[in-house]
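Notes to accompany the following structure.
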Amino acid sequence: MPIDRILGIETSCDETSAAVIHLDGRRPVLDSLIILSQDVHRIFGGVVPELAGREHLRTIGPVVDRALAEAQIGLGAIEGIAVTAGPGLVGALLVGLMYGKTLAFQLGLPLIGVHHLEGHLFAPTLELPDLEPPFVALLVSGGHTLLLDVAAWGQYQLLGRTRDDAAGEAFDKVASLLGLGYPGGAALERLAKTGRPGRFRLPRPMLREVATGGPDRFAFSFSGLKTAVLRAVQSSADIERDRADLAREFQDAVVDVLTEKTTAAALELDRRTVVVCGGVACNQTLHDRLTERLAGIARLVVASPRLNTDNAAMIAAAGAWHLGQGDRSGLDLEAFDSGPLPGMLVSEAQN
Amino acid sequence: MTEPELRAWGESVGRSLSPGQVIWLEGDLGAGKTTLAQAILRGLGVADLVTSPTFGLVHSYRTRLGVAYHVDCYRLRTSLEARDLDWLTIAGPDVSALLIEWPDRAASFAPAPTLRIKLVHTASAEQRTMTAEGSVAVPAVPASH
């Protein structure tokens, strides 16, 4: 019997999220998505509780209930459960995992544990139902920066990843160095719009390897760039004057590296579609630069911001694909703090 | 210390460690805490890429002495949030090493260090000074330039 209506649950780190999707043929269609940090008023109405970070235990019930209510269905209509099993903070993952397992056991439903990063790859399928591999994927978030070749769903070749800080982490930490608070990635992007390009010159880490075609041509490193910003801040005679120009140059440096490596990967692998996903995919400058650079090379696919931040809809979409393949998790499914994508090939060069 | 000196010292520390160490890594953004953690874990025999745990909070690695945890408390907004970090596991009896960046942000949740390393920026670019103290014997810190 096909499993057509799926409840997704995501609690891998900071966010508590639940979503309902259904399948139209093989295409995932979003019925509802609740993301605690964005929808707290919709969930709790007039009396919003004081919430500290990662309070999944207090919020998972109301978040799932709200997702079901907005999909206008009851639990009885759910046919499968998809839940993030990792990577993430084990204590946070366990809350969603236990909730999902309990529902699956109580309702006698198939359960599938989903890798959080595979979820990000499936996010655009909720808006672009004809999206199919092969494509090159740039997965950029606060915790991860990877370039992947997706030959088929479930077949992922790691092209390169960050050696130190993730791109989103670099945005947030540089925002902090520039006095914009933490996390300030979005504030940094706003400030950069007002900055003058080229007044400062920061390194483009590991960009040269693209031209030389070395084994690190798709690898990233953002820690040194963060330190370079720190040095520029320390040696600035007037940080009020320089702040926006530094923000501009930092963002240009990150966007240059991400754009050039992604474009080089599409060309080298002859892929005509490029997917950008993860929280940093919300950066408009990155979007604009990639659109320009990929013209005539590949189609750029970026989901809307709500689907690029951590959310349960992408987990449901990835879970739906696995359930359709006949994959099932047992009730002994365990949370894991780290580990590669299922089906990911890593060559020696990436280590 | 230059970055190569920091890496070389960190690897020698990792090679010399006995199981059960709690290592605090202190210093401002960009001082070299994650670089040093990478070197110590490499010295402990970690073959995998060691990346910043700032977003994920806790990363685990297989070392020659068993599992090691690399923790970063930088983005905890209050020390109460440190409760989320499952200290019973990451500071458990079978853990080979627990490396903690920004331990002050976890307040009393962070176990006391057996080795406490402080990194401080210097005026000259690409340099930092380092102090290391604790109950565990470690290789001598290279003299400052």
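Proteins come first, then strands; the chains are lettered A, B, ... in the order of their sequence lines, and each starts at number 1. The basis for the numbers below is simple: all heavy atoms, side chains too, and nothing from hydrogens, waters or symmetry mates.
- Under 3.5 Å, the side chains of A/Ser176 and B/Tyr74 contain a donor-acceptor pair of N or O atoms.
- Only the side chain of A/Gln234 comes within less than 4.5 Å of a heavy atom of chain B; its backbone N, CA, C and O stay farther away.
- With contacts defined as side-chain heavy-atom distances shorter than 4.5 Å, the pair B/Leu76/A/Arg54 qualifies.
- Of the inter-residue distances, the one linking B/Asp84 atom CG with A/Asp14 atom CG reads 9.0 Å to the nearest 0.5 angstrom.
- Both the backbone and the side chain of A/Lys173 have a heavy atom closer than 4.5 Å to some heavy atom of chain B.
- With rounding to the nearest 0.5 Å, the separation of CG in A/Leu230 from NE2 in B/His121 is 4.5 Å.
- Side chains of B/Phe55 and A/Asp172 form no contact here, defined as non-hydrogen atoms less than 4.5 Å apart.
- Without hydrogens or angle criteria, B/Gln38 side chain to A/Asp164 main chain gives no donor-acceptor distance under 3.5 Å.
- Of the listed residues (B/Leu57, B/Val58, B/Thr78, B/Thr89), the greatest number of heavy-atom pairs within a distance under 4.5 Å of chain A belongs to B/Leu57.
- Residues B/Glu3 and A/Thr227 form no side-chain contact, since every pair of their non-hydrogen atoms from C-beta on lies 4.5 Å or further apart.
- Of all heavy-atom pairs spanning A/Leu89 and B/Gly56, the tightest one is CD1-O, 3.8 Å.
- With a 4.5 Å cut-off on side-chain heavy atoms, B/Leu29 and A/Leu177 count as touching.
- Heavy atoms closer than 4.5 Å to chain A are found in both the backbone and the side chain of B/Arg75.
- For the set B/Pro53, B/Ser52, B/Gly30, the count of heavy-atom pairs under 4.5 angstrom toward chain A peaks at B/Ser52.
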